[in-house]
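Throughout, protein chains are lettered first and strands after them, A, B, ... in sequence-line order, and every chain is numbered starting at 1. Worth knowing before you read on, the calculation uses all heavy atoms, side chains too, and leaves out hydrogens, waters and symmetry mates. The shown structure was predicted, so the numbers you read here are calculated from the model rather than taken from an experiment.
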Amino acid sequence: MKGEVIMKVNPRRILVLALVTLSLFAASVGPIAAHHSTVPFDSTKQTTITGIVKEFDWTNPHTWIWINVPNDKGGVDLWGVEGMSPNYLGRRGWTKNTIKPGEKITVVGRPMKDGSKAAMFMSATLANGKVMTQSGQPTD
Amino acid sequence: MENARKKLSGFIAILAAAAVMHTAALAQKAPAPPTAADWAALAKLPDLTGVWEAALGGGGGGARGAAAAPTAGRGAAPAAARGATAAGPQLTPEYAAKRDALRALAREDNESANCLPPGMPGIMTQPYPMEFLLTPGKVTIVIEAYTQVRHIYTDGRKLPGDPDEKFFGTSIGHWEGDTLVVETVGFSPLTQLAAGIPHSDSMKILERFRLTDPDTMSIETTITDPKALTAPYTSSRTLKRHRNWTIAEYICEENNHNFVDASGKAGIKLDNPGTAPKK
């Protein structure tokens with residue numbers, strides 16, 4: 001329950017997640033690469049972030065989910081998760097209300113190489129249990 | 001005093017005459033306003049109008065194996081990742097050396113991270129849609145990525161002999177049967193011939209747009225650059241029409257946390273969380 005940050009380095013988990021990860025990453029690299037490279041993120045690792053949504057920026061060039069994550073000192077750390085643009089996500093079922101401030105969220109993403117409190121979005125589990133990804137074909 | 005007044009009125013008369021002649025000169029140059037026949041003629045052309053995006057989902061699906069290369073050029077997507085077919089530019093020794101020098105800098109990102117748009121030809125391969133508009137004497141391409149616009153004149157004008165260097169160059173177009181043929185010259189040195197490859201002041205881009213079925217458009221792009229290339233560099237892409245889509249806003253400066261610094265190091269600014277204005 002505690003919103004700690006876990007590096008998923010368990011080989012079995014990696015095996016299980018490999019295909020999902022590959023497809024998510026394959027889908028996510030293109031648009032992100034169009035604006036900036038993924039160099040600041042560690043594409044060999046995943047991090048899981050659980051906390052309360054402070055803010056969801058439905059903005060260009062990227063969406064950002066800002067999450068207050070409880071820390072060991074009884075306070076919270078603010079984490080930022082970079083996602084695809086509203087233009088891209090809006091054609092794949094997302095809206096500005098998909099992520100709601102005040103709600104609990106668990107995000108899986110690529111952590112920063114420098115250890116700072118940010119990640120590149122891979123998937124999120126919302127308070128209602130729904131899992132959101134950024135992959136898939138656009139809808140007409 | 002009377003003399004001075006006469007001189008002044010004479011001067012004003014000359015100015016007025018000059019103004020009339022200047023206006024007449026401008027009027028001579030200005031194209032005739034479009035007629036009903038001009039508008040009707042558009043309906044006989046292949047219908048390129050509407051919103052198009054690269055096939056394979058335009059960023060959603062398709063093969064997208066590699067992360068952006070460290071020397072990723074000016075927002076240009078890896079050609080293979082965009083459903084393009086290309087053998088790769090064949091460079092002259094001078095430009096192969098320039099490419100290698102750029103590569104040696106090992107920049108982690110390019111200025112797109114700072115919101116500088118890629119310009120031509122990279123802007124045509126972004127994973128976002130483009131809207132084509134046909135009006136008398138002109139084709140306009142509204143590009144969602146970075147909110148960009150290309151103006152292609154089809155009114156018979158010639159390309160400038162000594163063009164200014166612009167992100168999109170200067171474009172003219174004409175129809176060869178069912179194919180819109182667009183020639184573009186004069187590119188900013190801030191644009192690249194292809195990812196990680198600079199162009200010279202002699203680069204020319206020839207694009208051929210045609211429908212291959214009612215909602216599929218083929219774009220064949222041929223780049224010539226006698227100083228940089230030993231052979232024309234041709235690539236082709238397929239776009240799908242999305243009749244229900246509209247072009248969305250894309251203001252890169254709205255909430256950009258990404259950056260690349262002068263040394264080429266890429267990063268994320270987190271000291272400004274939520275730079276989007278608070279409600």
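Heavy atoms closer than 4.5 Å to chain A are found nowhere in Thr147(B), neither backbone nor side chain. Heavy-atom distances place the backbone of Thr139(A), and not its side chain, under 4.5 Å from chain B. For Glu253(B), no part sits under 4.5 Å from any heavy atom of chain A, backbone or side chain. For Lys117(A), the part lying under 4.5 angstrom from a heavy atom of chain B is the backbone only.
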Problem set entry | Check against salt bridge (Lys or Arg N to Asp or Glu O under 4.0 Å), Asp57(A) and Lys96(A) | CA-CA 8 Å; Asp57(A) 293 344; Lys96(A) 64 182 178 181; over 6 Å; no
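Residues Thr133(A) and Met122(A) fail the side-chain proximity criterion, which asks for heavy atoms closer than 4.5 Å.
The aromatic rings of Trp52(B) and Phe132(B) sit perpendicular, their planes meeting at an angle over 60°, well past the 30° parallel limit.
Among residues two or more places apart in sequence or in another chain, the side-chain contact (heavy atoms from CB on, under 4.5 Å) test is passed with Asp178(B) by Pro46(B).
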